[in-house]
Amino acid sequence: MKSISLIQFLIEEKRAGHINSELSLLIEVVARACKRISVAVAKGALGGVLGNAGTDNIQGEAQKKLDVISNEILLEANAWGGHLAACASEEMDDPQPIPDAYPKGHHLLLFDPLDGSSNIDVNVSVGTIFSVLLCPDDIDEVRAEHFLQKGTEQVAAGYVVYGPSTLLVLTFGHGVHEFTLDREHGSFVLSRRGMTIPAQTSEFAVNMANQRHWEAPMQRYVGELQAGSTGPRGRDFNMRWVASMVADVHRIVTRGGVFIYPLDARIREQGGKLRLMYEANPMAFIVEQAGGAATTGRERIMGLQPTGLHQRVPVFLGSKDEIEVVTRYHLESDDSRT
Ligand code: FDP
């Protein structure tokens, strides 16, 4: 079979009218940066990249050396390309403007440079997540408010998994496609076109250690899954939790399942655990494009009007039928309390 490189694929997408040249260039630059991150991740202890950086990010979380390195790689790669108006990252309080020395483009890039930090030092898959928006016209200075667009406004989203293989999964709103990094040749090669998530599944991903802090509808839903063939669902379910969102979502995009990071009593005030702009929205775009669903347990993630660059939300995504069940349980529970 003739292999198709990412560059060829992007040319095809341009010809199909799905993307313009600037967006194509942006994706090429992000992919190139992720190849460098992949090399750094793979070096592990030999590259001196493991362990804490000794700093905290905006969310007060300890930064790993690889968080900081990955952030710098993505910033540096994107600054001079001429395709961005600004970028924003989990690791930076405020958006980073494009230096005056470089031409500016029309896109805004948001990213979580290295998701799944707790897995870095134990040689388990981690990843990069990114979301691309258009910058509003006639902006002299890009500020955080210009990024606060609904997920439905995304023009591209993707993630890269640094696992046994390095994979790039991408959507422009015309299906979801997977590229595998050919390490010998240094290029991403199309490995799956038009990925689809089956509507039904028997696999769920959630951190069960938090169970006692969940809301009642979440307790009900997972309780029924655990009861399996002896409960109301009448069949057994299996659980998988990598604790790297990218790896868990990739399993779901590959063979179905649901990924849930719900509200719980300890994180209620902050709105949830995962970040809307560079985790939930890009993953929701990918999952919906693959035929799945993504909600907060109550409403569609991509329909939310963002209120902050680092805003957190509850996340329920994956196989459509299951997301409908758990979302219905939340809405029924809310109705019964009003
Ligand atoms: P991490 O904090 O390690 O970066 O993005 C947050 C995230 O990882 C997700 O990748 C992952 O799914 C989740 O948090 C892990 O949460 P737990 O620590 O509760 O398992």
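Everything quoted here is computed from the prediction, not taken from an experiment. Atoms within a ligand are numbered from 1 in the order they appear, just like the ligands themselves.
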(message) Out of Glu90, Met208, Met245, who is nearest to atom 9 (C) of ligand 1 when you count heavy atoms only?
(response)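 Answer by nearest heavy atom: Met245.
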(message) Using heavy-atom distances only, which candidate in Ala247, Gly127, Ala243 approaches atom 11 (C) of ligand 1 most closely?
(response)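 Minimum heavy-atom distance to atom 11 (C) of ligand 1 goes to Ala243.
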Using a 4.0 Å cutoff against the non-hydrogen atoms of [X], which atoms of ligand 1 qualify?
X: Phe259; value: 12 (O)
X: Glu279; value: 5 (O), 6 (C)
X: Trp241; value: 12 (O), 15 (C), 16 (O), 20 (O)
X: Ser118; value: 3 (O)
X: Arg275; value: 5 (O), 6 (C)
X: Leu274; value: 5 (O), 6 (C)

Distance only, no hydrogens: is a donor on one side chain within 3.5 Å (strictly under) of an acceptor on the other, for [X] and [Y]?
X: Ser131; Y: Asn281; answer: no
X: Asp182; Y: His185; answer: yes
X: Gln63; Y: Glu91; answer: yes
X: His106; Y: Asn20; answer: no

(request) Flag the pair Glu215 and Arg220 as a salt bridge only when some basic side-chain nitrogen lies within less than 4.0 angstrom of an acidic carboxylate oxygen. (result)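 Salt bridge: no.
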(request) In plain terms, say whether Arg312 and Glu279 are close enough for a salt bridge, that is, a side-chain N and a carboxylate O under 4.0 Å apart. (result)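 Between Glu279 and Arg312 there is no salt bridge, as every charged N stays at least 4.0 Å from the carboxylate O atoms.
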(request) Check whether any heavy atom of Asp248 sits under 4.0 Å from an atom of ligand 1. (result)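 Asp248: no contact with ligand 1 (<4.0 Å).
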Is any N or O atom of [X], backbone or side chain, closer than 3.5 Å to an N or O atom of ligand 1?
X: Val246; value: no
X: Asn210; value: no
X: Tyr261; value: yes

(message) Please verify the inter-ring angle class for Tyr329 with Tyr221; under 30° counts as parallel, over 60° as perpendicular, anything in between as tilted.
(response)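 Correct class here is perpendicular.
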(message) Ring-plane angle category for Phe172 and Phe9, please: parallel below 30°, perpendicular beyond 60°, tilted otherwise.
(response)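 Ring orientation, 0 to 90° scale: parallel.
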(request) Check Ser244 against ligand 1 and report side chain, backbone, both or neither, counting heavy atoms closer than 4.0 Å. (result)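 Within the 4.0 Å criterion, Ser244 contacts ligand 1 through backbone atoms alone.
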